[in-house]
Amino acid sequence: MDNTLLDTLRGIVGPAGLLAGDELRARQKPQQLHAYALVRPASTAEVSAVLAACHAAGVAVVPQGGLTGLVHGADAQAHEVILSLERMNRLEPVDITQRVLVAEAGVILEQAQAAAEAAGLLFPVDLGARGSATLGGMVATNAGGNSVIRYGMMRNNVHGLEVVLADGTVLSSMNQLLKNNSGYDLKHLFIGSEGTLGVVTRVVLRLCEAPAGRCTALLALSDFDAVGKLLRRLDHAMAGTLSAFEVMWQDFYQVVTTPPAQARPPLPQDHAFYVLVEASGSSTDQADRFAQILSDAMEHGLVADATIAQSERECQALWALRDDVRQLGRFGPLAAYDISLRLADTATYVETVRTSIQARWPDAQLRAFGHLGDGNVHVAVHVPDMNTADRAELDGLVYTPLQALNGAVSAEHGIGIEKKAWLGLSRTPAELALMLLLKQSLDPKGVLNPGRVVDSRL
Ligand SMILES: Cc1cc2nc3c(=O)[nH]c(=O)nc-3n(C[C@H](O)[C@H](O)[C@H](O)COP(=O)(O)OP(=O)(O)OC[C@H]3O[C@@H](n4cnc5c(N)ncnc54)[C@H](O)[C@@H]3O)c2cc1C
């Protein structure tokens, strides 16, 4: 690769918009160290020109947002150019009547949430990485998070998009309408495509009315059968206000409530399962009703113990322990899996995987938790001194049982590089062939995030 492309890119984004050589190495985290250059365009026109130049030169481009993705989709290699959206971080004023917020793709989730809140509205997609994840990255991964059971994933909360294709073509699809059946809804092609079909530059977010308040509780359950029954019961009784149903297996709960973790156990640590449940609503007697519903569930033997948050501070403390996933890393490097399957199959699946892993590595530890209200379980596995071959074997033990259960190897994090070999477990050959056809049609030279999600050939 010569310097001509670097000069062209510098000419497009200006000296402050391009990092290469020592400057780049000084800035980057280890896993993104090996890029040819990092460009930081400040507008859609600049993104378009950057992509057109790289396309003409046949150089691969890797879009990067907040780098919170968990499947290495944004990790670059030495011959690739990183396209960071960090300078495209402008928000337009909230349109209160239409209940939309137009934002550039580099806006951090927390900032979009704050803008909606300041206008008395809510952007309901929320996740632990809210302080770093960008809207563009969230669109690209179809991010889910903590309130999917009530509000859906990014796909359900985006009205329109502006995307730049691999050759620099700008596709403006900035729809602001709730209903628009005028032909194909092209935004859905790009939502969840992990930067392989286009670079998201602007987003029209769908906002909704902010709930007047929320009620949060931590419940302890003695068996998994009760988890499914409780979900059904709460969802029915709360009449559409159930906004979170997060389940923690006992060993996960123990880790996040034992020093050096900050949280102390709000409930004793010897129950089999813990459920963080939340209802968001507008009625003034909601707290009483919430308490009554939980009390009924206890009387029916579904809940063994419970604590209801009495203040916003207590509510945040309950969420903080659920979100303290960093504690899982204190035993050494982790393999983290993001599985989707039928709720009824989940406990058996987790125990099957735990048994097979511990038969292979007796000192291995597995901890499970996740958005079980959405059928999404996160499985975190620590195998002492795990090497690359161990990791491949571990992946097989975790993913193979999913095929018989019609489960998915990714619930919300995406495929990236990490799960590409396993995509065929969750998709049919016809689906894979159509994915390839789309990739080849939109990016015939294979320069946009190549090697992620699908290969250019099956
Ligand atoms: C503590 C923690 C908690 C998390 N919790 C959740 C959760 O509950 N739910 C969930 O879904 N995820 C969760 N994640 C994963 C992560 O936050 C999401 O995948 C998020 O959407 C990634 O956004 P990002 O801006 O960091 O993207 P990046 O990590 O930078 O990129 C992710 C992918 O998107 C592509 N991309 C980035 N920006 C663009 C763009 N503008 N156009 C096209 N492609 C682009 C990249 O090439 C890459 O393939 C969590 C992560 C952490 C660290």
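Start at 1 and go down the list; that is how both ligands and their atoms are numbered. Keep in mind the model is a prediction, meaning the values are calculated, not measured.
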Do E194 and R452 meet the salt-bridge criterion of a basic N to acidic O distance under 4.0 Å?
no
May I ask you to say whether R202 pairs ionically with E92, meaning some side-chain N is under 4.0 Å from a carboxylate O?
yes
Distance-only side-chain donor-acceptor flag, [X] / [Y], under 3.5 Å:
X	Y	result
E412	H371	yes
Q316	R313	no
N376	D338	yes

Indicate yes or no: does an N/O atom of A129 lie under 3.5 Å from an N/O atom of ligand 1?
no
Are any of the N/O atoms on V199, whether in the backbone or the side chain, positioned under 3.5 angstrom from an N/O atom of ligand 1?
no
Answer whether the closest heavy-atom distance between the side chains of V454 and T196 falls below 4.5 Å.
no
Within reach of ligand 1, part of V139 (heavy-atom separation under 4.0 Å):
neither
Between H371 and ligand 1, which part of the residue brings a heavy atom under 4.0 Å of the ligand: side chain, backbone, both or neither?
side chain
Of all the non-hydrogen atoms in the protein, which one sits nearest to atom 47 (O) of ligand 1, and at what distance?
P63 O, 2.7 Å
What is the nearest protein non-hydrogen atom to atom 50 (C) of ligand 1, stated with its residue, atom name and distance?
L70 CD1, 3.9 Å
Under 4.0 Å from any heavy atom of [X], which atoms of ligand 1 are there?
X	result
V200	40 (C), 41 (N), 42 (N), 43 (C)
T134	24 (P), 25 (O)
L85	41 (N)
A133	23 (O), 25 (O), 26 (O)
G73	47 (O), 48 (C), 49 (O)

Under 30°, 30 to 60°, or over 60°: which ring-plane class applies to F252 and F369, parallel, tilted or perpendicular?
parallel
